[in-house]
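Working notes, structure below.
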Amino acid sequence: MSSFVVEANLRAQGAEVAEDELRVSLADGRRVSVPLAWFPCLLHASSAQRAQWEPLGDGEGIHWPDPDEDLSVAPLTRRPLGGPREC
């Protein structure tokens, strides 16, 4: 029998959008990297737009005002995430 544990305190402390991946620094010290291709809105945003992120709540999510992209942190820590999404 398998079990599923939900981590309730996942909080983003930092976010960086590199050329081909999204890197999120978590409050517990972990860093998560996922392919930028999974987030077409960020993929097509300018470097300046990608740099303007802000936390949602206490860091449960990340928001980029332009291109108006919101991401939840918890799914980024799960494997498999599921692949690309629509913009």
Side-chain angles (χ1 to χ4, degrees):
M1 176 157 113
S2 64
S3 61
F4 179 71
V5 177
V6 175
E7 297 181 67
N9 292 317
L10 292 173
R11 303 283 187 263
Q13 282 193 325
E16 176 187 1
V17 183
E19 183 178 328
D20 61 351
E21 66 183 3
L22 169 63
R23 300 175 190 142
V24 178
S25 299
L26 303 177
D28 65 8
R30 289 183 288 171
R31 287 190 61 170
V32 179
S33 298
V34 295
L36 190 57
W38 289 1
F39 309 101
C41 291
L42 291 176
L43 179 66
H44 299 297
S46 69
S47 295
Q49 291 170 321
R50 293 175 179 179
Q52 298 300 314
W53 70 276
E54 51 194 45
L56 290 174
D58 289 330
E60 300 94 347
I62 305 167
H63 173 69
W64 286 265
D66 187 17
D68 193 24
E69 179 74 31
D70 295 322
L71 301 178
S72 293
V73 172
L76 299 177
T77 65
R78 297 187 199 124
R79 301 274 193 273
L81 185 59
R85 57 190 239 173
E86 296 286 323
C87 181

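In plain terms, the two heavy atoms of Val17 and Arg50 that are nearest each other are CG1-CD, 3.3 Å. Summarising the geometry of Cys41 relative to Pro67, their closest heavy-atom pair is O-CG, 3.5 Å, with the distance given to 0.1 Å. Ala74 and Leu10 make their closest contact through CA-CD1, 3.6 Å (heavy atoms, listed as atom of the first residue, atom of the second, distance). Nearest heavy atoms, Val73 versus Ala12: CG2-CB, 3.7 Å. The two residues Ala18 and Leu36 make their nearest non-hydrogen contact at O-CD2, 3.5 Å.
Panel note: side chain Arg30, backbone Val24; no donor-acceptor pair is recorded below 3.5 Å.
Remark: Leu71 CG to Glu60 CD distance equals 13.5 Å, nearest 0.5 Å. Between atom CD1 of residue Ile62 and atom CG of residue Leu76 there is a gap of 6.5 Å, rounded to the nearest 0.5 Å. Distance check: Ser72 OG to Leu56 CG gives 8.0 Å after rounding to the nearest 0.5 Å. A distance of 13.0 Å separates CD in Glu21 from CG in Leu42, rounded to the nearest 0.5 Å.
Listed by chain and number, the residues in a salt bridge (charged side-chain N to carboxylate O under 4.0 Å, His left out) with Arg31 are Glu16 (sequence neighbours excluded).
Partner of Trp64 under the side-chain contact (heavy atoms from CB on, under 4.5 Å) criterion, out of Glu54, Gln49, Gln52, Glu69: Glu69 alone.
At least one side-chain heavy atom of His63 sits less than 4.5 Å from a side-chain heavy atom of Asp70. Residues Trp38 and Leu22 form no side-chain contact, since every pair of their non-hydrogen atoms from C-beta on lies 4.5 Å or further apart.
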